[in-house]
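Written below as structure tokens is the structure these notes are about.
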Amino acid sequence: MGVCAVVLFACRLAHATSRDRDDLGIDYETARYEPAGFPTVGGDTDTGLQLGVATSLTRFANGTRPYAWTINLVLSASFKNDNGFRLVQQNYVVALDVPRATTLLGHEVRLLPAGGYVRTINAPYYGRGNATTSVVPPGVADPAEYYSFLSQMAYARAIARITLREPYELFFEPRLRYMAPASYPGSLLANDAAADGADGRPVVRGLRDEVIASLSVGFIIDSRDNELFPTSGVYSQIGIKYEQGIARGNDVANGNLGAVYGQYVPVGPLVLAMRGVLDLDLGAVPFFDLYTGGPYRVLQLPGGSTGVRGVPLGLYSGLVKAVANVELRTMSPTFHVARQKIRVGADVFADAGRAFDNYSLDSPRDGHGIGIHWGTGAGAYVAWGDAALIRLEAAYSPDAIALGTPVGTLPLGIYVEDGVMF
């Protein structure tokens, strides 16, 4: 459910000079502001057609990488023709990033506060496990809502990244979420919420209005040559999180261990980008967190635009998620269009992953066999100025057939997102 954008209009002030650039031509020294304001058209096969506006203001100065600071505001809504043409998602986000905000005991601190509100009327719920399906049982009053629920979330978070010694960092992330999910009558979520599992515990937790507080702590290794389009280095994270519902009678209290390993290797004019993700949940996990993860950045796992592309978001979920991604990327030298700095690029990729319902690793909900889900595809990049990059990708996965792709139609996931995936 990331921010989706194709740049239709942008304005940039003060162009970079030829000095103090990295291999992509980014000038970190020349003091300037780069404001941008543009309508957005994009989306993906999970959220539908997305329309909105995105604005940003970025300050470059004094060699600070990737910038001195940037602030971003996104207002968007998506529409989908799955039960009649309807408003599916509303997304309002404001985020600030200050790489050298302050110092703590002689260590530089990067601050990334953000807040927002997201409302989605067709958020996915297909049950738990690695062998779920989207086949609607006979007699369901509204098949379009059987695997959906209403998701409403308001959140505020403040990430602090403390440089220990380059490239090693320590991060802290306190976060508050107000969650107000609601099931549709006769839906799978409503049925599961009314039943107990084989072990007597609830199948579904978190189906109530609730404030959830969490704290994440971990380490980052970041030796990327740049953040916009890394061509060499490592970007890895490992961390733990504790999450607690703070309302009386809440049923959310869980821990998480997440690890991400990412590496970028130049191969002639190409970049080989590789990533592995492992996410482990423990305790009373709300159902809407069973298909997300990540120790630092919230990722859709195993399917979705930040997991296995082409595999529908939320189709598989569980306490354990693992994903692997391999990409070959390339980016052109800088050229100018109407005095604006432009670079274009492309990628081809292959993704694979799976979920485990629980730690027995042989849950009936996981089915039989190795159970690997995969997707492959290609995409294009457009970098505008020194701080904005948009990617458009198409991914094939046989799992898209599970959502009723017509016979004879190529099952593709389409994603338009902000920045490289990893």
Side-chain angles (χ1 to χ4, degrees), residues 7 10-38 54-73 95-104 106-114 159-169 171 220-237 262-266 269 271 273 296-297 329-337 339-345 381-391 418-420 422:
V7 178
C11 60
R12 297 281 180 176
L13 300 181
H15 303 287
T17 67
S18 61
R19 67 180 187 276
D20 302 313
R21 302 169 183 269
D22 65 7
D23 291 341
L24 288 181
I26 299 177
D27 175 9
Y28 299 102
E29 290 289 345
T30 302
R32 68 199 188 280
Y33 294 95
E34 285 196 0
F38 45 90
T55 63
S56 67
L57 180 64
T58 303
R59 173 67 172 172
F60 290 90
N62 305 321
T64 302
R65 298 189 180 210
Y67 30 69
W69 52 262
T70 187
I71 187 169
N72 299 276
L73 174 66
L96 176 66
D97 182 359
V98 187
R100 295 181 183 175
T102 186
T103 59
L104 178 65
H107 299 281
E108 290 184 351
V109 179
R110 180 174 184 174
L111 295 178
L112 300 96
I159 299 175
R161 291 175 54 170
I162 303 169
T163 300
L164 302 175
R165 185 184 65 181
E166 292 187 353
Y168 304 103
E169 301 178 31
F171 75 84
I220 296 173
I221 303 175
D222 189 356
S223 62
R224 293 172 293 176
D225 55 345
N226 69 78
E227 295 186 14
L228 186 70
F229 188 84
T231 62
S232 65
V234 169
Y235 184 46
S236 302
Q237 311 97 46
Q263 185 169 6
Y264 313 90
V265 180
V271 178
Y296 172 66
R297 172 190 171 202
R329 305 169 177 169
T330 187
M331 184 68 76
S332 75
T334 299
F335 59 95
H336 291 80
V337 175
R339 299 187 64 193
Q340 304 301 309
K341 294 174 58 178
I342 302 293
R343 293 182 300 276
V344 296
Y381 299 112
V382 177
W384 194 301
D386 288 338
L389 185 146
I390 305 301
R391 63 183 166 96
D418 180 19
V420 295
F422 61 91

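If you're wondering where the values come from, they're calculated on a predicted model, not measured in any experiment.
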I'd like to know if the side chain of Thr330 reaches the main chain of Pro269, judged simply by a donor and an acceptor atom lying under 3.5 Å from each other, with no hydrogens or angles considered.
yes
Sequence neighbours left out, what passes ring-ring contact (aromatic ring centres under 6.0 Å, His included) with Phe171? Give chain and number order.
Tyr296
Asn72: side-chain hydrogen bond (donor to acceptor under 3.5 Å, both in side chains) partners, not counting sequence neighbours
none
Measuring from Gln340:CD to Trp384:CH2, what's the distance to the nearest 0.5 Å?
6.0 Å
Quick check: closest heavy atoms across Arg391 and Gly419, and the distance to 0.1 Å?
NE-O, 2.6 Å
Could you walk me through whether Leu389 and Asp418 pass side-chain contact (heavy atoms from CB on, under 4.5 Å), step by step?
CA-CA 6 Å; Leu389 185 146; Asp418 180 19; 5.6 Å; no
Sub-3.5 Å donor-acceptor pair from the side chain of Ser332 to the main-chain atoms of Val344, do we have one?
yes
With a 3.5 Å cut-off and no angle check, do the side chains of Tyr264 and Asp225 form a donor-acceptor pair?
no
Closest non-hydrogen atom pair, Val271 against Pro230:
CG1-O, 3.8 Å
How about OH on Tyr168, more than 12 heavy atoms from neighbouring residues, nucleotides or ligands closer than 6.0 Å, or not?
no
Reported OG1-to-CG distance for the pair Thr55 and Leu73, which is rounded to 0.5 angstrom
4.0 Å
Do you know the tightest heavy-atom contact between Gly262 and Ser236?
N-OG, 3.3 Å
Taken to the nearest 0.5 Å, the spacing of Ile342 CD1 from His336 NE2 works out to 9.0 Å
Quick check: does any side chain N or O of Ser223 sit under 3.5 Å from a backbone N or O of Val234, one acting as donor and the other as acceptor?
yes
Rounded to the nearest 0.5 Å, how far does CG of Leu228 lie from CG of Asp386?
8.0 Å
Closest approach of His107 and Thr163, non-hydrogen atoms and distance?
ND1-O, 3.0 Å
Which of parallel (below 30°), tilted (30 to 60°) and perpendicular (above 60°) describes Phe229 and Tyr381?
perpendicular
Correct closest heavy-atom pair for Asp222 and Glu227 would be OD2-OE2, 4.1 Å
Rounding to 0.5 Å, atoms CZ (Arg343) and OG1 (Thr334) come to a distance of 4.5 Å
Pairing residues for Arg100 by the salt bridge (charged side-chain N to carboxylate O under 4.0 Å, His left out) criterion, not counting sequence neighbours:
Glu108
Interatomic spacing from CZ in Arg32 to CZ in Arg59 - rounded to 0.5 Å
9.5 Å
Heavy-atom closest pair (Asp27 atom, Glu29 atom, distance to 0.1 Å) is OD1-N, 2.9 Å
